[in-house]
Amino acid sequence: MPTQLSRRSLLRGITATTAAVTLAAGLSACGGDSDAATRTASDTAGTVTVGRLSNGAATETTLKVSEVKSISDRLPAAVKKRGTLVIGSGTLPSGSPPLGFIGDDQKTLTGSEPDFGRLVAAVLGLEPEVRQSTWENLFIGLDSGKVDVAFSNVTDTEERKKKYEFASYRKDDLAFEVRKDSDWNFDGDYRKLAGKTVSVGNGTNQEKILLEWKAKLAKEGAKPLTVKYFQENNSLYLALNSGKIDAYFGPSPNLSYHAAKTANTPQATRIAGQFSGAGETLQGLIAATAKKDSGLAEPLAAAINHLIENGQYAKWLKAWNLSNEAVEKSEVNPPGLPLTNS
């Protein structure tokens, strides 16, 4: 799947209509997914434009951002020599707006997460190369070295720290989405889930939390919590709208976006409660995710803190309507979702 780009001076951000999404072979052999590689081109030198082709999900905003040598000098030698930052987006097959999805030109990967990866790459003086895969293949890409870093709503967890290193950049809040006419709400008490059927993404930290709640209910002899899985969002929302599931448990930005988009339709939904992605006692954090001991977490965190201190970070969040998820600073390997949330 890798597509070799030209030298770093040619690219700094996102394209508008000239971005090309191509199918590639590198990761597609792993699990049979169609992984798209997005090549960026021709923002004006020293600028990155966020929110392009977003179909109304964001306000297109051009930000001034250039390489900071004192930060780029901290990169691993191999990455610095190569001149590219390969960014993973685990949003196939159907996209995950506003975090990562195919734009309104029907070919270009857009979203808050790839946009932020491009901002970080600019600070590091690297050409961003964004690759879209399934969630599972995102981690295969990191493990194999075909992807340098995931900017894909990855939660910092103690389990993942066994294999990966993190640079935090956004709060991680989860939410329950229900039909608008549902009277069910979640207030943080897992007992409210007794007798309910809930969908969740496979291999996610929200699945871990939900399965722990399911086990608690079973141990207490309560009505069982049934967990359902769907391969893509269309099937999930068909099940929700038809009453086959009671709720969907997922990342708050995705669910809030969907609820807003469906507000005036027969398929209207609403948010029925939120929960920290790190459990009851810790604020969850979304983090740039690289292979453990890659040497990338520290320069990534430095680049993120530069964006925070110089205002581009706040403007990126505002463009994507995510300002309520801001953090004060990026941390390397901060405390994450515990190994057990019991």
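The shown structure was predicted, so the numbers you read here are calculated from the model rather than taken from an experiment.
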Using ring centroids (six-membered ring only for Trp), state whether [Y] and [X] fall under 6.0 Å.
X	Y	result
Y169	Y313	no
F275	W213	yes
W320	F116	no
Y237	F230	no

Task: Co-membership, hydrophobic cluster, residues I271 and V200, 4.5 Å side-chain - done: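 I271 does not cluster with V200.
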Task: Same cluster (ILVMFWY, side-chain, under 4.5 Å), L225 and L211 - done: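 Same cluster.
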TODO: Output yes when R160 and E158 qualify as a salt bridge under the 4.0 Å nitrogen-oxygen rule, no when they do not.
DONE: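 A salt bridge is absent here (no side-chain N lies under 4.0 Å from a carboxylate O).
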Open item on the list: Check this for me, if you would: do K291 and D143 make a salt bridge, where the nitrogen-to-carboxylate-oxygen distance has to be below 4.0 angstrom?
Closed with: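 Judged by the 4.0 Å cut-off on N to carboxylate O distance, K291 and D143 do not form a salt bridge.
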TODO: Working to the nearest 0.5 Å, report the span between CG of D156 and CG of L337.
DONE: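 Those atoms lie 8.5 Å apart.
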Task: Six-ring centre of Y190, K216 cation under 6.0 angstrom, axis tolerance 45° - done: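 Geometry flag: set, cation within 6.0 Å and 45°.
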Under a 4.5 Å cut-off applied to non-hydrogen side-chain atoms, are [X] and [Y] in contact?
X	Y	answer
K192	W184	yes
N205	D172	yes
E325	P253	yes
R179	Q267	no
K80	D73	yes
V198	V227	no

Without swapping roles, check the side chain of [X] against the backbone of [Y] for a donor-acceptor pair under 3.5 Å.
X	Y	answer
T289	V154	no
D105	T108	yes
S96	T91	no

For residues 242-251, run the donor-acceptor check on the side chains, cut-off 3.5 Å, and write out each pair with its distance to 0.1 Å, sequence neighbours left out.
unit_1: S242; atom_1: OG; unit_2: L238; atom_2: O; d: 2.9
unit_1: S242; atom_1: OG; unit_2: A239; atom_2: O; d: 3.2
unit_1: D246; atom_1: OD2; unit_2: T197; atom_2: N; d: 2.7

Open item on the list: Going by the rule side chain to side chain contact (heavy atoms under 4.5 Å, CB included), which residues pair with K219 if we only count those two or more places apart in sequence or in a different chain?
Closed with: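 K219: no side chain to side chain contact (heavy atoms under 4.5 Å, CB included) contacts found.
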Open item on the list: Which residues pass the side chain to side chain contact (heavy atoms under 4.5 Å, CB included) test with P224, not counting sequence neighbours?
Closed with: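 For P224 there are no side chain to side chain contact (heavy atoms under 4.5 Å, CB included) partners, ignoring immediate neighbours.
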